[in-house]
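The block underneath contains the structure these notes are about, expressed in structure tokens.
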Amino acid sequence: MYRIVRREQFSDATFLWDVEAPDIAASAEPGHFVMLRLYDGAERIPLTVADFDRDKGLVTVVVQALGKTTREMRDKFKEGEAFEDFVGPLGLPQHIDKVDHVVFVGGGLGVAPIFPQLRAFKQSGARTTAIMGFRTKDLVFWEDKFREFADELIICTDDGSYGEPGLVTAALERVITQQKPDKVVAIGPMPMMHACVETTRPHGVKTMVSLNTIMVDGTGMCGSCRVTVGGEVKFACVDGPDFDGHKVDFHELHARQKRFKTEEDKANEHFAHVCNLEKQLIVEGKRNYKKLATLPPHQTPMPERDAHERATNFKEVNLGYSVEEALQEAERCIQCITPTCVAGCPVGIDIPVFIRNILFRDFDAALETIYQSSIFPSICGRVCPQETQCEAQCIIRKYKKHEPVAIGRLERFIGDNARAPKSKPIDLSKAIGKVAIVGSGPAGLAAAADLTRYNVETTVYEALHVLGGVLQYGIPSFRLPRDIIDREIQRLKDIGVKFETNKVVGKTFTIEQLMNGRGFDAVFVAAGAGAPTFLGIPGEFAGRVYSANEFLTRINLMGGDRFPYLDTPVSVGNSVIVIGAGNTAMDCLRVARRVGAATVRCVYRRSEAEAPARIEEIRHAKEEGVDFFFLHSPVEILVTESGDVRAVRLQKMESARPTSAAAASRCRSTSLSSSNATP
């Protein structure tokens, strides 16, 4: 956990955190960024390092409350509280070269990450000009900090309420024309950085921009942060985030940034609904806030295993509510003035409050409410006779033929899905040596197990926020259930293996530092296969073109199939094409079916007999409705004017001997198309 040492509010939307993170502070440089995650199930968001204090071990981030996560950071995390994950420093630092004059342009929240670069260039002897852009005077922050290191400070506001009226590009144009600086550094919203680049381009002034907003995992593993720079593919996570703006393909980036607009609009509607409930039930204190006549008369059905199947095994019959089903049922509770259901509960659970927290999507608070009276919600939610106790007293059952709120099912849902308190690992004693293991995938876990059996103290360092490596992010749960992974890792913890997540060896600290500064006798590197590769065909940088790593990571690691109830979106449209026929391709095909794609097709340039996937995996995919196009090779991804995928052009292949040129000459082109197709 990482503690918020200091919190400062600049405006209704903008605030600062000083986070206690000595490892990151010790290695941070201007231009670096960190990945932050509040709790299990929350999204990983990139934040540029706004400042750092190596002596105090503090890292400063400045945040603007725009989306669900940043609003939650603003509203629910106070000074002194802690959050789950803080990983870094990541990316490459800004190169502080010897130049005479540097102009810094910060737009809105981009002002914060500009500051450490401004300070570094000033301390290197450069003349500095800072242009700070805000929508209004009320949003201005850090003016005094900038004046300390800026030879000239220009503040612009869109509405003219402070400083110069208008956009930062007007001030930038004037400075360039009059002074011709050696370098411009621009950080802010994508449109602002693009505009700054086009302003400096005619003058030939090198302009650096930061692209950390396009990241997902932050380690370069998923490929979502790919960008074309000077005609070459770069990854903002590892090659950036700062790039020469004149070489960045901004048109490509703008198109890709629109790929989740529909999902994000729905999430905003969802958030607005929750805010309205909080206003009615908390601020205004309303009860009986719904009319009985508007309620669905029947309980949300409990999903059950097929009768023929369950008659042959001991798997649980009632499968439990999904998040959507639980929310649907919680909406049937009218939060009545006199909650008679509480009197019907033998242990006196405050039922309206725990259901209210479900309405607010705060499942942990719901669990805390139940824990005040009962520590067995998963058990009681399954076996207690609610129909003769709390549900028998539910007021809505007295209205015509309405069924009571399914209180027991909601209690079970919270017991199964809210975050329970963590158990403490057991320390290893009498170790004969000390070994660091880089990576918690299969190789790292196997090494940790063997070394510990030989009485060696082992510490596993993992770059992500969960343990298991490819077992977690690469293999879907229908092939490898997560509770199996957790059980095995817990077994390692119980015998004394130590784990540290969010530690990127080579960035947070080096192997040499592990050996010399942290006292390890040896280091075993099990870092995994690395970043994805792409085909190099036209159109592969369209918005809904995923690498297998990104697609599976969004689902397996970040819960994209449960967006917006969890925070990471994924979008597949109606038709999905997966290129390749290995085991990873089979995972993508079968996941795509599970997240709702009506048509899923596999495209592979060789025959089925030559497909590298296991025969069983191909059979499973066919049984689940996947179509296969063997002996087809993709040559181009066709996109719409808005940057969405509309078709994939394929070249039909024929099996031939490696030396045969005749077969190649008989290849012909075809295409697969569908609205919102996702290769």
Side-chain angles (χ1 to χ4, degrees), residues 7-17 47-48 50 60-71 73-75 102-115 117-118 128-179 181 184-203 205 207 209-213 245 250 253-254 257-258 261 264-265 268-269 271-272 275 279:
R7 186 185 189 281
E8 181 179 353
Q9 192 82 28
F10 296 127
S11 68
D12 289 341
T14 309
F15 57 95
L16 171 151
W17 281 4
L47 297 171
T48 305
T60 301
V61 292
V62 176
V63 185
Q64 188 172 8
L66 294 174
K68 177 179 181 293
T69 297
T70 50
R71 288 191 292 251
M73 292 171 67
R74 177 194 63 189
D75 299 336
V102 186
V103 176
F104 299 89
V105 186
L109 194 64
V111 165
I114 280 285
F115 174 73
Q117 299 191 34
L118 166 69
T128 57
T129 298
I131 303 173
M132 303 167 65
F134 302 93
R135 292 197 304 273
T136 67
K137 179 181 179 180
D138 294 338
L139 299 177
V140 176
F141 67 94
W142 278 11
E143 181 178 354
D144 292 339
K145 288 173 71 75
F146 270 68
R147 290 194 185 279
E148 182 180 355
F149 295 99
D151 295 299
E152 179 183 12
L153 177 63
I154 303 170
I155 298 179
C156 303
T157 52
D158 295 352
D159 62 358
S161 57
Y162 188 67
E164 296 186 7
L167 303 177
V168 293
T169 48
L172 177 60
E173 176 71 38
R174 186 179 69 250
V175 171
I176 293 176
T177 303
Q178 295 175 356
Q179 305 177 34
V184 171
V185 178
I187 303 180
M190 193 75 70
M192 186 221 81
M193 292 190 292
H194 190 186
C196 288
V197 165
E198 298 308 318
T199 300
T200 61
R201 194 187 301 275
H203 301 277
V205 179
T207 303
V209 296
S210 177
L211 302 181
N212 70 341
T213 57
F250 276 99
L253 287 179
H254 288 314
Q257 279 206 313
K258 296 177 182 177
K261 185 178 186 304
E264 288 169 349
D265 287 344
N268 287 332
E269 293 176 6
F271 181 80
C275 289
K279 179 182 177 183

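Here, residue 1 is the first one in the sequence, and each next residue gets the next number.
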Evaluate the criterion side chain to side chain contact (heavy atoms under 4.5 Å, CB included) for residue pair M190 and L211; output intermediate values, then yes/no. CA-CA 8 Å; M190 193 75 70; L211 302 181; 4.1 Å; yes

Please name all residues satisfying salt bridge (charged side-chain N to carboxylate O under 4.0 Å, His left out) with K145, sequence neighbours left out, ordered by chain then number. D51

What's the verdict on side chain to side chain contact (heavy atoms under 4.5 Å, CB included) for I187 and Q117, showing C-alpha distance, side-chain angles and the deciding distance? CA-CA 11 Å; I187 303 180; Q117 299 191 34; 3.8 Å; yes

Walk me through it: do F141 and E8 pass the test side chain to side chain contact (heavy atoms under 4.5 Å, CB included)? CA-CA 11 Å; F141 67 94; E8 181 179 353; over 6 Å; no

Sidechain-backbone polar pair: D151 side chain, T128 backbone, donor-acceptor under 3.5 Å: yes

Nearest heavy-atom pair of S210 and M193: which atoms, and what distance? O-CE, 3.1 Å

When you measure from the side chain of T157 to the backbone of Y162, do you find a donor-acceptor pair of N or O atoms at a distance under 3.5 Å? yes

Residue list, ring-ring contact (aromatic ring centres under 6.0 Å, His included) with H203, at least two apart or on another chain: none

Any L172 side-chain heavy atom under 4.5 Å of C196 side chain: yes

If you round to the nearest 0.5 Å, how far is CZ of F146 from CD1 of I154? 13.0 Å

Mind checking the CG-CD1 spacing from L167 to I131? Nearest 0.5 Å is all I need. 12.0 Å

Evaluation steps, side chain to side chain donor-acceptor pair (under 3.5 Å), between T199 and T169: CA-CA 7 Å; T199 300; T169 48; 4.9 Å; no

Do V111 and I114 have side chains that get closer than 4.5 Å, going by heavy atoms? no

Check whether any side-chain heavy atom of R7 sits under 4.5 Å from a side-chain heavy atom of R74, and report yes or no. yes

Work out which heavy atom in G107 is nearest to a heavy atom in P189; give both atom names and the distance. O-CD, 3.6 Å

Can you measure from CZ (F10) to CG (L16) and round to the nearest 0.5 angstrom? 4.5 Å

In terms of relative ring orientation, are F149 and F115 parallel, tilted or perpendicular, with 30° and 60° separating the classes? perpendicular

Could you tell me whether a side-chain N or O of T14 sits under 3.5 Å from a main-chain N or O of Q64, the two making a donor and an acceptor? no

Reported CD-to-CG distance for the pair E148 and L153, which is rounded to 0.5 angstrom: 12.5 Å

The criterion is salt bridge (charged side-chain N to carboxylate O under 4.0 Å, His left out); which residues satisfy it with E143, sequence neighbours excluded? R147

Distance, nearest 0.5 Å, that separates OG of S11 from CG of D138: 8.0 Å

Any side-chain donor paired with an acceptor under 3.5 Å for D159 and S161? yes

Which pair of heavy atoms, one from A50 and one from V62, lies closest together, and at what distance? CB-CG2, 4.1 Å

Kindly assign one of parallel, tilted or perpendicular to the pair F250 and H194, based on the angle between their ring planes and the thresholds 30° and 60°. parallel

Side chains of V184 and V175: closer than 4.5 Å at any heavy-atom pair? no

Does the side chain of Q179 reach to within under 4.5 Å of the side chain of V103, using non-hydrogen atoms? no

Enter the distance from Q178:CD to E173:CD here, rounded to the nearest 0.5 Å. 10.0 Å

Close side-chain approach of W17 to L47, heavy-atom, < 4.5 Å: no

